[in-house]
Amino acid sequence: MTLTLYNTLTRRQELFEPLEPGKVRMYYCGVTVYDYCHLGHARACIIWDVVRRYLQWRGYEVRFVQNFTDIDDKILNKARQEGSSMEEVAERFIQAYFEDMGRLNIKEADEYPRATHTLDGIQRLIHELEHKGYAYPAQGDVYYAVRRFPEYGKLSGRKLEDMQAGASGRVGVEDPEASKKQEANDFALWKAAKPGEPAWESSWGAGRPGWHIECSAMVRDRLGDTIDIHAGGADLIFPHHENEIAQSEAVTGKPLANYWVHNGMVTVNGEKMSKSLGNFITIRELLDRPTDPMAIRLFVLMAQYRKPIDFTQDAIAAAQNGWNTLKEGLLFGYEYGGQLGWAVREAENPPIQNPQVERFQSAVDDDFNFAGGLAVLFELAKELRKEGNLLVHQGKTETPPQVLEQQWHTLVTLAQVLGLAAKANDEAAQPSPGLSDAEIEALIQQRQSARKAKNFAESDRIRNELQAQGITLIDQAGGVTRWHRN
RNA sequence: GGCGGCAUAGCCAAGUGGUAAGGCAAGGGUCUGCAAAACCUUCACCCCCAGUUCAAAUCUGGGUGCCGCCUCCA
(Lines give C-alpha, C1' and ligand atoms only; values in the text may rest on other atoms or scores of the structure.)
Protein backbone atom coordinates (compact mmCIF):
# COMPACT_ATOMS: atom_id res chain seq x y z
CA MET A 1 0.00 0.00 0.00
CA THR A 2 1.18 3.49 -0.72
CA LEU A 3 0.85 6.76 1.06
CA THR A 4 -0.40 9.71 -0.91
CA LEU A 5 -0.88 13.27 0.22
CA TYR A 6 -2.21 16.52 -1.12
CA ASN A 7 0.59 18.89 -2.05
CA THR A 8 -0.36 22.56 -1.92
CA LEU A 9 2.48 23.29 -4.33
CA THR A 10 1.12 21.15 -7.13
CA ARG A 11 -2.52 21.24 -6.03
CA ARG A 12 -2.64 17.53 -6.51
CA GLN A 13 -2.57 14.43 -4.42
CA GLU A 14 0.78 12.76 -4.89
CA LEU A 15 2.57 9.60 -4.00
CA PHE A 16 4.79 10.21 -1.00
CA GLU A 17 8.44 9.42 -1.63
CA PRO A 18 10.98 10.82 0.80
CA LEU A 19 14.34 12.01 -0.40
CA GLU A 20 16.07 9.33 1.53
CA PRO A 21 14.23 6.00 1.63
CA GLY A 22 12.77 5.30 5.05
CA LYS A 23 13.55 8.72 6.44
CA VAL A 24 11.38 11.79 6.64
CA ARG A 25 12.51 15.30 7.33
CA MET A 26 9.57 17.35 8.47
CA TYR A 27 9.23 20.96 9.56
CA TYR A 28 6.18 22.52 11.08
CA CYS A 29 5.78 26.28 11.34
CA GLY A 30 4.90 26.66 14.97
CA VAL A 31 3.54 29.53 16.95
CA THR A 32 4.46 33.08 17.75
CA VAL A 33 4.69 33.14 21.50
CA TYR A 34 2.86 36.25 22.63
CA ASP A 35 -0.23 34.68 24.14
CA TYR A 36 -1.83 31.40 25.12
CA CYS A 37 -2.56 29.01 22.29
CA HIS A 38 -6.15 28.72 21.16
CA LEU A 39 -8.12 25.90 19.66
CA GLY A 40 -6.88 26.79 16.19
CA HIS A 41 -3.32 26.16 17.29
CA ALA A 42 -4.44 22.98 18.97
CA ARG A 43 -5.91 21.73 15.73
CA ALA A 44 -2.71 22.34 13.81
CA CYS A 45 -0.56 20.75 16.50
CA ILE A 46 -2.80 17.71 16.79
CA ILE A 47 -2.92 17.16 13.05
CA TRP A 48 0.84 17.36 12.53
CA ASP A 49 1.44 15.35 15.66
CA VAL A 50 -0.71 12.57 14.27
CA VAL A 51 0.84 12.82 10.82
CA ARG A 52 4.20 12.35 12.45
CA ARG A 53 2.99 9.43 14.55
CA TYR A 54 1.43 7.87 11.49
CA LEU A 55 4.61 8.16 9.45
CA GLN A 56 6.51 6.55 12.30
CA TRP A 57 4.00 3.78 12.57
CA ARG A 58 4.33 3.27 8.83
CA GLY A 59 7.98 2.59 9.47
CA TYR A 60 9.62 5.90 8.64
CA GLU A 61 12.27 7.41 10.77
CA VAL A 62 10.94 10.91 11.22
CA ARG A 63 12.93 13.93 12.18
CA PHE A 64 10.40 16.52 13.27
CA VAL A 65 11.40 20.13 13.83
CA GLN A 66 9.07 22.86 15.01
CA ASN A 67 9.99 26.46 15.62
CA PHE A 68 9.03 29.11 18.11
CA THR A 69 8.88 32.63 16.76
CA ASP A 70 10.20 34.61 19.68
CA ILE A 71 11.02 37.86 17.93
CA ASP A 72 7.98 39.73 16.76
CA ASP A 73 6.09 43.01 17.02
CA LYS A 74 3.25 41.43 18.93
CA ILE A 75 5.59 40.03 21.53
CA LEU A 76 7.18 43.45 21.85
CA ASN A 77 3.80 45.08 22.27
CA LYS A 78 2.85 42.61 24.93
CA ALA A 79 6.09 43.24 26.77
CA ARG A 80 5.56 46.96 26.54
CA GLN A 81 2.03 46.67 27.87
CA GLU A 82 3.07 44.77 30.92
CA GLY A 83 6.39 46.46 31.40
CA SER A 84 8.46 43.33 30.94
CA SER A 85 10.79 42.17 28.20
CA MET A 86 10.40 40.26 24.98
CA GLU A 87 12.42 37.37 26.43
CA GLU A 88 10.25 37.26 29.49
CA VAL A 89 7.03 37.16 27.48
CA ALA A 90 8.36 34.59 25.03
CA GLU A 91 9.68 32.35 27.77
CA ARG A 92 6.39 32.43 29.66
CA PHE A 93 4.29 31.49 26.64
CA ILE A 94 6.70 28.80 25.55
CA GLN A 95 6.22 27.23 28.95
CA ALA A 96 2.47 27.60 28.58
CA TYR A 97 2.71 26.01 25.15
CA PHE A 98 4.37 22.91 26.58
CA GLU A 99 1.81 22.66 29.38
CA ASP A 100 -1.14 22.92 27.03
CA MET A 101 0.21 20.61 24.37
CA GLY A 102 1.34 18.12 26.99
CA ARG A 103 -2.22 17.92 28.24
CA LEU A 104 -3.36 17.28 24.69
CA ASN A 105 -0.88 14.43 24.42
CA ILE A 106 1.15 16.11 21.68
CA LYS A 107 4.53 14.42 21.36
CA GLU A 108 7.46 16.77 21.69
CA ALA A 109 9.31 17.66 18.53
CA ASP A 110 12.88 16.50 18.05
CA GLU A 111 13.99 20.11 18.14
CA TYR A 112 12.43 23.47 18.89
CA PRO A 113 14.65 26.10 17.30
CA ARG A 114 13.91 29.72 18.13
CA ALA A 115 14.53 32.87 16.18
CA THR A 116 16.69 34.24 18.98
CA HIS A 117 18.93 31.18 18.77
CA THR A 118 19.25 31.31 15.00
CA LEU A 119 20.62 34.79 14.44
CA ASP A 120 23.82 33.54 12.80
CA GLY A 121 22.02 31.42 10.28
CA ILE A 122 19.57 34.21 9.59
CA GLN A 123 22.29 36.77 8.96
CA ARG A 124 24.20 34.35 6.77
CA LEU A 125 21.16 33.80 4.64
CA ILE A 126 20.46 37.51 4.25
CA HIS A 127 24.05 38.09 3.22
CA GLU A 128 23.82 35.43 0.58
CA LEU A 129 20.59 36.89 -0.72
CA GLU A 130 22.23 40.26 -0.86
CA HIS A 131 25.23 38.92 -2.76
CA LYS A 132 23.05 37.15 -5.22
CA GLY A 133 21.06 40.28 -5.81
CA TYR A 134 17.80 39.25 -4.23
CA ALA A 135 17.98 41.64 -1.31
CA TYR A 136 18.64 45.32 -0.91
CA PRO A 137 19.29 47.46 2.13
CA ALA A 138 17.27 50.57 2.84
CA GLN A 139 17.93 52.82 5.82
CA GLY A 140 19.03 50.03 8.12
CA ASP A 141 16.34 47.63 6.88
CA VAL A 142 16.94 44.91 4.33
CA TYR A 143 14.22 43.88 1.90
CA TYR A 144 13.67 40.97 -0.41
CA ALA A 145 13.14 42.04 -4.02
CA VAL A 146 10.24 39.87 -5.02
CA ARG A 147 10.56 40.74 -8.73
CA ARG A 148 13.97 39.11 -8.82
CA PHE A 149 12.56 35.69 -8.03
CA PRO A 150 10.68 34.58 -11.15
CA GLU A 151 8.86 31.78 -9.37
CA TYR A 152 7.39 34.06 -6.75
CA GLY A 153 3.78 33.05 -6.23
CA LYS A 154 4.13 29.42 -7.25
CA LEU A 155 2.95 28.03 -3.93
CA SER A 156 -0.08 30.24 -3.46
CA GLY A 157 -0.89 30.28 -7.15
CA ARG A 158 -0.85 33.99 -7.65
CA LYS A 159 0.88 36.47 -9.87
CA LEU A 160 2.37 39.68 -8.65
CA GLU A 161 0.08 41.62 -10.99
CA ASP A 162 -2.97 39.96 -9.47
CA MET A 163 -2.15 40.96 -5.97
CA GLN A 164 -3.94 43.98 -4.75
CA ALA A 165 -2.17 45.59 -1.88
CA GLY A 166 -4.36 45.89 1.15
CA ALA A 167 -7.27 44.08 -0.47
CA SER A 168 -7.89 42.17 2.71
CA GLY A 169 -8.85 45.43 4.32
CA ARG A 170 -6.75 44.63 7.35
CA VAL A 171 -3.72 46.54 6.32
CA GLY A 172 -3.61 50.24 6.83
CA VAL A 173 -3.19 52.11 3.60
CA GLU A 174 -0.09 53.84 4.83
CA ASP A 175 2.54 51.16 5.23
CA PRO A 176 5.35 52.74 7.25
CA GLU A 177 7.88 50.71 5.29
CA ALA A 178 6.42 51.60 1.90
CA SER A 179 8.86 54.42 1.22
CA LYS A 180 11.83 52.11 1.72
CA LYS A 181 10.55 49.33 -0.49
CA GLN A 182 11.16 49.15 -4.19
CA GLU A 183 7.86 47.43 -4.60
CA ALA A 184 4.82 46.93 -2.40
CA ASN A 185 5.22 43.14 -2.25
CA ASP A 186 8.81 43.27 -1.10
CA PHE A 187 9.15 42.11 2.48
CA ALA A 188 11.58 42.76 5.30
CA LEU A 189 14.44 40.37 5.93
CA TRP A 190 15.97 42.63 8.56
CA LYS A 191 14.48 45.53 10.43
CA ALA A 192 16.52 48.37 11.92
CA ALA A 193 16.05 48.63 15.66
CA LYS A 194 13.88 51.40 16.98
CA PRO A 195 14.98 53.01 20.25
CA GLY A 196 14.33 50.80 23.23
CA GLU A 197 13.76 47.64 21.20
CA PRO A 198 15.86 44.54 21.56
CA ALA A 199 18.41 44.41 18.77
CA TRP A 200 21.25 42.32 17.41
CA GLU A 201 24.36 43.68 15.78
CA SER A 202 24.77 43.18 12.08
CA SER A 203 26.54 44.65 9.12
CA TRP A 204 23.35 46.57 8.33
CA GLY A 205 23.35 48.05 11.82
CA ALA A 206 21.56 47.01 14.97
CA GLY A 207 18.27 45.37 14.25
CA ARG A 208 16.21 42.22 14.26
CA PRO A 209 15.14 39.68 11.68
CA GLY A 210 11.89 39.85 9.76
CA TRP A 211 9.39 37.12 10.32
CA HIS A 212 9.85 34.86 7.30
CA ILE A 213 13.61 34.54 7.28
CA GLU A 214 13.81 32.59 10.54
CA CYS A 215 12.07 29.57 9.06
CA SER A 216 14.32 29.52 6.02
CA ALA A 217 17.34 29.65 8.31
CA MET A 218 16.08 27.05 10.74
CA VAL A 219 15.16 24.56 8.08
CA ARG A 220 18.54 24.94 6.50
CA ASP A 221 20.44 24.69 9.79
CA ARG A 222 18.54 21.76 11.18
CA LEU A 223 17.32 19.75 8.22
CA GLY A 224 19.24 20.80 5.12
CA ASP A 225 18.52 22.53 1.84
CA THR A 226 15.61 20.36 0.83
CA ILE A 227 13.21 18.67 3.22
CA ASP A 228 10.40 16.23 2.63
CA ILE A 229 7.42 17.80 4.33
CA HIS A 230 6.80 21.39 5.26
CA ALA A 231 3.61 21.82 7.28
CA GLY A 232 1.60 24.69 8.64
CA GLY A 233 -1.77 26.36 8.78
CA ALA A 234 -3.47 27.24 5.51
CA ASP A 235 -3.31 30.88 6.50
CA LEU A 236 0.47 30.69 6.21
CA ILE A 237 0.50 29.76 2.54
CA PHE A 238 0.67 33.39 1.63
CA PRO A 239 2.78 35.25 2.34
CA HIS A 240 4.77 33.28 4.87
CA HIS A 241 5.49 30.06 3.01
CA GLU A 242 5.68 31.82 -0.31
CA ASN A 243 8.37 34.04 1.14
CA GLU A 244 10.22 31.13 2.68
CA ILE A 245 10.43 29.56 -0.74
CA ALA A 246 11.65 32.80 -2.28
CA GLN A 247 14.36 33.15 0.37
CA SER A 248 15.58 29.59 0.48
CA GLU A 249 15.38 28.64 -3.15
CA ALA A 250 17.00 31.84 -4.35
CA VAL A 251 20.03 30.91 -2.27
CA THR A 252 20.22 27.15 -2.71
CA GLY A 253 18.71 26.74 -6.15
CA LYS A 254 16.98 23.65 -4.78
CA PRO A 255 13.39 23.05 -3.71
CA LEU A 256 12.87 23.99 -0.07
CA ALA A 257 10.38 21.20 0.43
CA ASN A 258 8.98 18.49 -1.80
CA TYR A 259 5.61 18.37 -0.10
CA TRP A 260 3.79 21.38 1.26
CA VAL A 261 0.89 20.46 3.49
CA HIS A 262 -1.58 22.78 5.17
CA ASN A 263 -4.27 22.32 7.76
CA GLY A 264 -7.67 24.01 7.59
CA MET A 265 -8.86 26.62 10.01
CA VAL A 266 -11.08 26.31 13.04
CA THR A 267 -14.12 28.50 12.66
CA VAL A 268 -16.70 29.85 15.07
CA ASN A 269 -20.14 30.43 13.60
CA GLY A 270 -18.53 29.91 10.24
CA GLU A 271 -15.84 32.54 10.76
CA LYS A 272 -12.19 31.87 11.27
CA MET A 273 -11.15 31.72 14.90
CA SER A 274 -8.54 34.38 15.38
CA LYS A 275 -7.13 36.85 17.79
CA SER A 276 -8.19 39.82 15.72
CA LEU A 277 -11.82 38.75 15.62
CA GLY A 278 -11.73 37.97 19.32
CA ASN A 279 -13.73 34.78 18.78
CA PHE A 280 -11.10 32.42 20.11
CA ILE A 281 -11.08 30.04 23.02
CA THR A 282 -7.74 29.12 24.52
CA ILE A 283 -6.76 25.53 25.01
CA ARG A 284 -6.50 25.96 28.76
CA GLU A 285 -9.93 27.58 29.00
CA LEU A 286 -11.41 24.69 27.10
CA LEU A 287 -9.57 22.07 29.13
CA ASP A 288 -10.46 23.73 32.39
CA ARG A 289 -14.18 23.81 31.65
CA PRO A 290 -13.42 20.90 31.89
CA THR A 291 -13.17 19.20 28.54
CA ASP A 292 -11.46 15.86 28.09
CA PRO A 293 -8.25 16.39 26.09
CA MET A 294 -9.03 13.26 24.14
CA ALA A 295 -12.41 14.67 23.16
CA ILE A 296 -10.57 17.63 21.69
CA ARG A 297 -8.29 15.31 19.74
CA LEU A 298 -11.30 13.42 18.50
CA PHE A 299 -13.08 16.64 17.55
CA VAL A 300 -10.08 17.52 15.41
CA LEU A 301 -9.51 14.08 13.92
CA MET A 302 -13.11 13.48 12.94
CA ALA A 303 -12.76 16.12 10.24
CA GLN A 304 -10.64 16.05 7.11
CA TYR A 305 -7.52 17.98 8.04
CA ARG A 306 -7.69 20.44 5.16
CA LYS A 307 -11.31 21.45 5.65
CA PRO A 308 -12.50 24.06 8.09
CA ILE A 309 -14.13 22.77 11.27
CA ASP A 310 -16.68 24.76 13.17
CA PHE A 311 -16.29 24.95 16.91
CA THR A 312 -19.53 24.65 18.82
CA GLN A 313 -20.43 23.37 22.24
CA ASP A 314 -22.52 20.65 20.59
CA ALA A 315 -19.62 19.50 18.45
CA ILE A 316 -17.39 19.17 21.51
CA ALA A 317 -20.15 17.35 23.37
CA ALA A 318 -20.57 14.93 20.48
CA ALA A 319 -16.83 14.35 20.45
CA GLN A 320 -16.92 13.72 24.19
CA ASN A 321 -19.62 11.09 23.75
CA GLY A 322 -17.64 9.54 20.95
CA TRP A 323 -14.56 9.45 23.11
CA ASN A 324 -16.49 7.75 25.91
CA THR A 325 -17.24 4.95 23.49
CA LEU A 326 -13.63 4.61 22.39
CA LYS A 327 -12.45 4.80 25.98
CA GLU A 328 -14.64 1.93 27.05
CA GLY A 329 -13.11 -0.12 24.30
CA LEU A 330 -9.60 0.94 25.23
CA LEU A 331 -10.13 0.08 28.90
CA PHE A 332 -11.57 -3.32 28.07
CA GLY A 333 -8.28 -5.14 28.40
CA TYR A 334 -7.47 -3.60 31.75
CA GLU A 335 -10.89 -4.35 33.14
CA TYR A 336 -11.59 -7.78 31.77
CA GLY A 337 -8.28 -9.08 30.53
CA GLY A 338 -7.48 -10.74 33.82
CA GLN A 339 -10.91 -12.32 34.04
CA LEU A 340 -10.44 -13.66 30.51
CA GLY A 341 -7.10 -15.15 31.37
CA TRP A 342 -4.85 -12.91 29.33
CA ALA A 343 -1.49 -11.82 30.47
CA VAL A 344 -2.51 -8.19 30.59
CA ARG A 345 0.33 -5.98 29.68
CA GLU A 346 0.79 -2.45 28.62
CA ALA A 347 0.08 -2.68 24.95
CA GLU A 348 3.29 -2.43 23.06
CA ASN A 349 2.77 -1.85 19.41
CA PRO A 350 4.28 -4.81 17.71
CA PRO A 351 3.39 -4.86 14.04
CA ILE A 352 -0.07 -6.28 13.73
CA GLN A 353 -1.47 -7.49 10.48
CA ASN A 354 -5.19 -8.03 10.22
CA PRO A 355 -8.14 -6.77 8.21
CA GLN A 356 -8.85 -3.92 10.62
CA VAL A 357 -5.29 -2.65 10.46
CA GLU A 358 -5.38 -2.86 6.70
CA ARG A 359 -8.61 -0.95 6.52
CA PHE A 360 -7.21 1.71 8.82
CA GLN A 361 -4.05 2.04 6.83
CA SER A 362 -5.70 2.22 3.45
CA ALA A 363 -7.95 4.99 4.77
CA VAL A 364 -5.16 7.03 6.32
CA ASP A 365 -2.78 6.40 3.43
CA ASP A 366 -5.24 8.39 1.36
CA ASP A 367 -4.17 11.91 2.26
CA PHE A 368 -4.38 11.33 6.02
CA ASN A 369 -8.03 10.41 6.10
CA PHE A 370 -8.20 10.08 9.87
CA ALA A 371 -11.98 10.17 9.95
CA GLY A 372 -12.04 7.12 7.73
CA GLY A 373 -9.51 5.42 9.98
CA LEU A 374 -11.52 6.27 13.06
CA ALA A 375 -14.45 4.28 11.75
CA VAL A 376 -12.32 1.16 12.28
CA LEU A 377 -11.57 2.16 15.86
CA PHE A 378 -15.23 2.81 16.57
CA GLU A 379 -16.24 -0.56 15.24
CA LEU A 380 -13.65 -2.29 17.41
CA ALA A 381 -14.51 -0.22 20.47
CA LYS A 382 -18.23 -0.81 20.13
CA GLU A 383 -17.66 -4.51 19.78
CA LEU A 384 -15.47 -4.59 22.87
CA ARG A 385 -17.87 -2.44 24.81
CA LYS A 386 -20.63 -4.85 24.00
CA GLU A 387 -18.51 -7.78 25.12
CA GLY A 388 -17.63 -5.93 28.30
CA ASN A 389 -21.29 -5.31 28.98
CA LEU A 390 -22.07 -8.94 28.42
CA LEU A 391 -19.42 -9.82 30.98
CA VAL A 392 -20.88 -7.37 33.49
CA HIS A 393 -24.50 -8.22 32.86
CA GLN A 394 -24.32 -11.91 32.20
CA GLY A 395 -20.97 -12.76 33.66
CA LYS A 396 -19.81 -14.40 30.46
CA THR A 397 -19.39 -14.03 26.74
CA GLU A 398 -19.44 -16.47 23.86
CA THR A 399 -16.54 -14.82 22.06
CA PRO A 400 -13.21 -16.61 22.51
CA PRO A 401 -10.79 -14.68 24.75
CA GLN A 402 -8.03 -14.75 22.14
CA VAL A 403 -10.32 -13.01 19.67
CA LEU A 404 -11.07 -10.31 22.20
CA GLU A 405 -7.45 -9.93 23.08
CA GLN A 406 -6.56 -9.52 19.45
CA GLN A 407 -9.29 -6.94 18.94
CA TRP A 408 -8.21 -5.03 21.98
CA HIS A 409 -4.58 -4.94 20.95
CA THR A 410 -5.55 -3.74 17.52
CA LEU A 411 -7.68 -1.00 19.01
CA VAL A 412 -5.00 0.14 21.44
CA THR A 413 -2.35 0.13 18.74
CA LEU A 414 -4.41 2.14 16.28
CA ALA A 415 -5.47 4.55 19.01
CA GLN A 416 -1.84 5.16 19.86
CA VAL A 417 -1.18 6.07 16.26
CA LEU A 418 -3.79 8.78 16.66
CA GLY A 419 -2.46 9.81 20.05
CA LEU A 420 -5.62 8.65 21.75
CA ALA A 421 -4.98 7.02 25.09
CA ALA A 422 -7.20 6.05 27.98
CA LYS A 423 -5.48 5.78 31.30
CA ALA A 424 -6.01 2.40 32.81
CA ASN A 425 -6.04 3.74 36.33
CA ASP A 426 -8.11 6.80 35.57
CA GLU A 427 -10.85 5.84 37.94
CA ALA A 428 -9.18 2.99 39.73
CA ALA A 429 -6.67 5.44 41.14
CA GLN A 430 -9.39 7.07 43.13
CA PRO A 431 -9.72 5.30 46.43
CA SER A 432 -13.29 4.24 46.97
CA PRO A 433 -13.61 4.25 50.72
CA GLY A 434 -17.37 3.62 50.58
CA LEU A 435 -19.03 0.33 51.27
CA SER A 436 -17.32 -3.01 51.26
CA ASP A 437 -18.51 -5.73 48.93
CA ALA A 438 -20.13 -7.55 51.81
CA GLU A 439 -22.05 -4.47 52.89
CA ILE A 440 -23.27 -3.96 49.38
CA GLU A 441 -24.38 -7.57 49.11
CA ALA A 442 -26.25 -7.18 52.38
CA LEU A 443 -28.07 -4.08 51.17
CA ILE A 444 -28.99 -5.87 47.98
CA GLN A 445 -30.45 -8.70 50.03
CA GLN A 446 -32.53 -6.21 51.99
CA ARG A 447 -33.74 -4.72 48.76
CA GLN A 448 -34.65 -8.11 47.39
CA SER A 449 -36.79 -8.77 50.44
CA ALA A 450 -38.48 -5.41 50.06
CA ARG A 451 -39.18 -6.14 46.44
CA LYS A 452 -40.67 -9.49 47.25
CA ALA A 453 -42.92 -7.76 49.76
CA LYS A 454 -43.79 -5.23 47.08
CA ASN A 455 -42.39 -2.54 49.29
CA PHE A 456 -41.03 -0.62 46.31
CA ALA A 457 -40.56 2.60 48.21
CA GLU A 458 -38.02 0.83 50.39
CA SER A 459 -36.37 -1.03 47.52
CA ASP A 460 -36.02 2.18 45.52
CA ARG A 461 -34.58 3.92 48.57
CA ILE A 462 -31.85 1.30 48.83
CA ARG A 463 -31.17 1.47 45.12
CA ASN A 464 -30.85 5.25 45.25
CA GLU A 465 -28.65 5.08 48.29
CA LEU A 466 -26.26 2.72 46.52
CA GLN A 467 -26.37 4.77 43.35
CA ALA A 468 -25.40 7.84 45.35
CA GLN A 469 -22.30 5.94 46.41
CA GLY A 470 -21.46 5.10 42.84
CA ILE A 471 -22.83 1.59 42.83
CA THR A 472 -25.11 0.63 40.00
CA LEU A 473 -27.54 -2.24 40.35
CA ILE A 474 -28.56 -4.37 37.43
CA ASP A 475 -31.77 -6.30 37.85
CA GLN A 476 -31.76 -9.26 35.59
CA ALA A 477 -34.46 -11.59 34.49
CA GLY A 478 -35.06 -14.31 37.06
CA GLY A 479 -34.74 -11.96 40.02
CA VAL A 480 -30.96 -11.89 40.08
CA THR A 481 -29.36 -8.56 40.86
CA ARG A 482 -25.81 -7.86 39.77
CA TRP A 483 -23.91 -4.74 40.64
CA HIS A 484 -20.79 -2.83 39.78
CA ARG A 485 -19.02 0.28 40.89
CA ASN A 486 -19.15 3.11 38.37
C1' G B 1 -11.17 42.76 -8.15
C1' G B 2 -7.49 38.33 -8.12
C1' C B 3 -6.21 33.30 -6.32
C1' G B 4 -7.69 28.81 -3.84
C1' G B 5 -11.16 25.58 -1.46
C1' C B 6 -15.88 23.49 -0.04
C1' A B 7 -21.37 21.93 -0.75
C1' U B 8 -23.53 14.09 1.28
C1' A B 9 -29.37 12.54 6.79
C1' G B 10 -31.24 16.77 12.63
C1' C B 11 -25.64 17.58 13.44
C1' C B 12 -20.36 15.88 12.31
C1' A B 13 -18.40 12.96 8.46
C1' A B 14 -16.23 8.81 4.79
C1' G B 15 -16.87 7.58 -0.04
C1' U B 16 -13.65 10.17 -6.47
C1' G B 17 -17.71 5.73 -12.25
C1' G B 18 -21.17 0.33 -10.35
C1' U B 19 -25.77 1.51 -6.99
C1' A B 20 -24.42 5.68 0.05
C1' A B 21 -18.60 3.72 5.96
C1' G B 22 -18.49 5.55 10.84
C1' G B 23 -19.80 8.90 14.95
C1' C B 24 -23.35 12.03 17.71
C1' A B 25 -28.48 12.69 18.38
C1' A B 26 -33.44 10.69 17.75
C1' G B 27 -37.40 6.80 17.30
C1' G B 28 -39.18 1.64 18.04
C1' G B 29 -38.68 -3.14 20.53
C1' U B 30 -36.98 -6.89 24.48
C1' C B 31 -36.16 -7.03 29.71
C1' U B 32 -38.24 -4.48 34.50
C1' G B 33 -42.88 -3.53 39.91
C1' C B 34 -41.06 1.08 37.87
C1' A B 35 -36.42 2.69 36.42
C1' A B 36 -31.40 2.31 35.06
C1' A B 37 -28.11 -0.54 32.44
C1' A B 38 -27.77 -3.90 28.60
C1' C B 39 -29.26 -6.19 24.07
C1' C B 40 -31.98 -5.97 19.21
C1' U B 41 -33.65 -2.56 15.62
C1' U B 42 -35.05 1.95 12.38
C1' C B 43 -33.22 6.42 10.02
C1' A B 44 -30.24 9.85 2.99
C1' C B 45 -31.08 8.63 -3.95
C1' C B 46 -25.61 12.95 -2.14
C1' C B 47 -27.06 22.15 -3.60
C1' C B 48 -29.48 23.24 -8.73
C1' C B 49 -29.50 22.69 -14.26
C1' A B 50 -27.52 20.48 -18.64
C1' G B 51 -24.14 16.86 -20.72
C1' U B 52 -20.78 12.21 -21.21
C1' U B 53 -21.73 6.88 -19.98
C1' C B 54 -24.91 0.56 -20.06
C1' A B 55 -24.03 2.95 -15.22
C1' A B 56 -22.46 9.48 -11.76
C1' A B 57 -22.66 11.64 -5.09
C1' U B 58 -18.37 10.43 -7.97
C1' C B 59 -16.39 12.86 -14.85
C1' U B 60 -17.50 17.64 -18.06
C1' G B 61 -19.89 22.51 -18.67
C1' G B 62 -22.99 26.27 -16.47
C1' G B 63 -25.38 28.18 -12.09
C1' U B 64 -26.24 29.16 -6.72
C1' G B 65 -24.42 29.39 -1.80
C1' C B 66 -20.54 29.35 1.89
C1' C B 67 -15.38 29.76 3.49
C1' G B 68 -10.02 31.02 3.36
C1' C B 69 -5.89 34.09 1.45
C1' C B 70 -4.34 38.83 -1.05
C1' U B 71 1.78 40.92 3.55
C1' C B 72 -1.18 39.90 11.96
C1' C B 73 -2.33 34.80 11.51
C1' A B 74 -2.15 27.51 13.13
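Per chain, numbering begins at 1; letters A, B, ... match sequence-line order.
A heavy-atom distance below 4.0 Å to RNA chain B is reached by these residues of residues 231-238 of chain A, ordered by number: A:G232, A:G233, A:D235, A:L236, A:F238. Only A:H38, A:G40, A:H41, A:A44, listed by number, bring a heavy atom of residues 33-46 of chain A to less than 4.0 angstrom from any atom of RNA chain B.
Between A:T325 and B:C24 there is a side-chain polar atom (N or O) within less than 4.0 angstrom of OP1 or OP2. Not one side-chain nitrogen or oxygen of A:K452 sits closer than 4.0 Å to the OP1 or OP2 atom of B:G33. Of the side-chain N and O atoms in A:W211, one or more sit less than 4.0 angstrom from OP1 or OP2 of B:C73. At the phosphate of B:A7, OP1 or OP2 sits under 4.0 Å from a side-chain N or O atom of A:K307.
Taking 3.5 Å as the limit, the base of B:C34 and the side chain of A:R463 contain a donor-acceptor pair of atoms between them. Contact of A:K74 with B:C73 (side chain to base): no donor-acceptor pair of N or O atoms is detected under 3.5 Å.
With sequence neighbours left out, A:H241 forms a ring pair (Phe, Tyr, Trp, His ring centres under 6.0 Å) with A:H230, A:W260, A:H262.
Which of B:A25, B:C67, B:U32 sits closest to the side chain of A:N321 comes down to B:A25.
The CZ-P distance, from A:F370 to B:G15, rounds to 13 Å in whole Å.
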Worked verdict on A:F98 versus A:Y112 for ring pair (Phe, Tyr, Trp, His ring centres under 6.0 Å):
CA-CA 11 Å; A:F98 282 119; A:Y112 290 98; 4.9 Å; yes

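Within the nucleic acid shown, A:G153 has no heavy atom closer than 4.0 Å to any nucleic acid atom. Looking at heavy-atom distances under 4.0 Å, A:T472 makes no contact with the nucleic acid at all. No engagement by A:R461 is indicated, since no non-hydrogen atom pair under 4.0 Å with the nucleic acid exists. Counting any heavy atom pair closer than 4.0 Å across all strands shown, A:L473 reaches a base atom. Residue A:Q304 is classed as a sugar-phosphate contact, given heavy-atom separations below 4.0 Å to backbone atoms only. At a threshold of 4.0 angstrom between heavy atoms, the contacts of A:D460 include nucleobase atoms, whether or not backbone atoms are also involved. At the heavy-atom level, A:N389 lies under 4.0 Å from the strands shown only through sugar-phosphate atoms.
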When the side chains of residues 31-40 of chain A are checked against the rest of the protein, which donor-acceptor pairs come out under 3.5 Å, sequence neighbours left out?
| residue | atom | partner | partner atom | Å |
| --- | --- | --- | --- | --- |
| A:D35 | OD2 | A:K275 | NZ | 3.0 |
| A:H38 | ND1 | A:G40 | N | 2.9 |

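Under the 6.0 Å distance and 45° angle rule, A:R222 does not count as a cation-pi partner of A:Y27.
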Pairs: protein N or O with nucleotides 16-22 of chain B N or O, under 3.5 Å:
none

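Pairs passing the salt bridge (Lys or Arg N to Asp or Glu O under 4.0 Å) check and including a residue from residues 294-303 of chain A, sequence neighbours excluded, read A:D49-A:R297.
Checked by atom type, the side-chain pair A:Q13/A:T4 shows a donor-acceptor distance below 3.5 Å.
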